[in-house]
Amino acid sequence: MSSRYQKYKFLVIFLVLAGLAFLLFLLVRGHNFAVLNPKGPISGSERNLLVTATLLMLLVVVPVFASLVYIAWKYRASNKKARYTPNLDDNIGTQLTFWGILMSLIFVLAIINWKSTHELDPLKPLNSSVKPITIQVVALRWKWLFIYPEQNIATVNFVQFPSGTPVNFQLTADAPMNSFWIPQLGGQMYAMPGMSTRLHLEANAPGEFNGSAAEINGLGFSGMKFMAVASTQADFEHWVSTVKQTPATLDMAQYEMLAAPSTDNPVAYYSSAQFGLYRSVMMKFMVPDMEMGGTP
């Protein structure tokens with residue numbers, strides 16, 4: 001009985017691993033991973049890049065693990081017929097084949113990544129015949145402030161924009177460095193005090209998308225989430241007019257109260273925002289220019 005078990009133990013191990021891999025596949029297939037379910041041109045290109053790179057790397061990973069199983073089975077202690085070839089590592093043809101395949105894959109991956117890095121540059125405006133909308137984002141502790149300079153409104157933990165329209169996000173922070181991320185629309189972009197970064201995104205169709213901070217930033221990190229809604233142009237204009245009717249306004253005094261650290265903040269709307277508020281928040285961290293008469 002023991003010898004029979006020894007004979008088939010590698011087959012049993014292989015079947016167990018194959019079963020676990022199949023269960024993992026079913027688990028992954030049954031879940032909606034935002035990164036793999038893109039709703040915009042940027043996120044779609046990023047998903048394709050991720051899948052392409054993974055498949056190319058599997059061309060090496062799968063044969064390596066298959067060889068591992070094959071070698072472990074062929075050179076098991078009970079197989080007396082296995083041929084001993086200790087000098088295989090000196091075989092030039094074998095080495096050229098192994099390293100040639102690896103170098104070719106690395107070369108292909110390098111070209112794909114170099115091309116994608118330029119095409120998906122977050123600073124690069126999206127090609128569109130539709131006029132983009134600008135939304136200024138301020139990362140606070142632990143909430144997101146969205147300012148619409150053209151519409152002169154502001155929101156907290158909620159952002160809405162028309163689908164099919166490029167969105168020019170301008171990001172800064174009035175808190176430790178953070179990371180702005182809407183997974184179904186594109187990659188993350190850092191928001192840093194005293195700096196203004198940009199991120200260009202677009203939604204293909206109306207929908208609701210979860211947004212969050214992609215970097216651990218302290219006590220309220222788990223609740224630093226927001227809802228991003230892509231709507232029709234008519235619904236967006238109606239929403240803007242509705243926000244303009246809310247009683248709250250966002251001046252500098254109100255902003256200072258809002259900027260105080262707090263967790264799990266509810267959605268808030270402001271019918272107007274003080275002119276230049278975004279720049280004022282960003283410039284508060286800048287060193288005054290002594291030649292321009294600034295004070296230290």
Side-chain angles (χ1 to χ4, degrees), residues 133-163 165 167-185 188-193 196-197 199 201 203 206-215 217-232 234-285:
I133 180 176
T134 297
I135 301 177
Q136 297 168 335
V137 184
V138 181
L140 302 171
R141 289 185 295 179
W142 283 270
K143 47 195 168 286
W144 295 97
L145 170 63
F146 299 94
I147 304 172
Y148 293 72
E150 298 171 357
Q151 290 75 22
N152 191 30
I153 60 173
T155 62
V156 174
N157 287 344
F158 183 88
V159 60
Q160 185 165 335
F161 43 83
S163 62
T165 298
V167 183
N168 174 21
F169 287 105
Q170 299 176 358
L171 302 106
T172 191
D174 194 359
M177 183 176 71
N178 215 311
S179 182
F180 177 84
W181 193 25
I182 308 177
Q184 287 187 276
L185 297 184
Q188 63 85 30
M189 175 55 66
Y190 285 105
M192 295 170 280
S196 182
T197 54
L199 180 64
L201 300 177
E208 297 183 356
F209 316 107
N210 294 318
S212 65
E215 181 171 298
N217 54 28
L219 177 65
F221 164 73
S222 61
M224 194 172 177
K225 301 176 181 179
F226 64 91
M227 179 61 65
V229 175
S231 63
T232 63
D235 288 343
F236 173 73
E237 293 175 357
H238 176 72
W239 174 77
V240 171
S241 63
T242 301
V243 174
K244 284 184 175 293
Q245 297 175 11
T246 57
T249 60
L250 189 61
D251 55 15
M252 186 55 71
Q254 184 67 31
Y255 170 80
E256 292 297 339
M257 296 175 59
L258 177 66
S262 57
T263 59
D264 298 320
N265 290 85
V267 174
Y269 303 97
Y270 298 93
S271 58
S272 64
Q274 179 174 311
F275 179 77
L277 178 60
Y278 177 84
R279 178 174 174 80
S280 298
V281 172
M282 182 182 65
M283 295 301 293
K284 66 187 291 186
F285 295 96

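This is a predicted model, so every value here is computed, not measured.
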Original post:
Using the ring of each side chain (for Trp, its six-membered ring), is F158 parallel, tilted or perpendicular to Y269, with breaks at 30° and 60°?
Top reply: perpendicular
Original post:
Strictly by modelled atom types, are N217 and W142 linked by a side-chain donor-acceptor pair under 3.5 Å?
Top reply: yes
Original post:
A273 and N152: which non-hydrogen atoms are nearest, and at how many Å?
Top reply: O-OD1, 2.9 Å
Subject >> Salt-bridge criterion met for D264 and K143 (N-O under 4.0 Å) >> reply: no
**OP:** Ignoring hydrogens and angles, tell me if any N or O in the side chain of S179 forms a donor-acceptor pair with the backbone of Q188 under 3.5 Å.
**Re:** no
**OP:** Give a yes-or-no answer on whether the side chains of Q160 and S231 include a donor-acceptor pair shorter than 3.5 Å.
**Re:** yes
Subject >> Pair S196, Y278: side-chain N/O donor-acceptor within cut-off below 3.5 Å >> reply: yes
Original post:
In terms of the angle between their ring planes, are F180 and F226 parallel, tilted or perpendicular, with boundaries placed at 30° and 60°?
Top reply: parallel
Subject >> Contact summary for Q151 and K244, nearest pair of heavy atoms >> reply: O-NZ, 2.6 Å
Original post:
Residues two or more places apart in sequence or in another chain: which of them pass ring-ring contact (aromatic ring centres under 6.0 Å, His included) with Y255?
Top reply: none
Subject >> Ring-ring centroid check F169 W144, cutoff 6.0 Å >> reply: no
Subject >> For S272, the option from T246, T249, L250 that meets side-chain contact (heavy atoms from CB on, under 4.5 Å) >> reply: T249
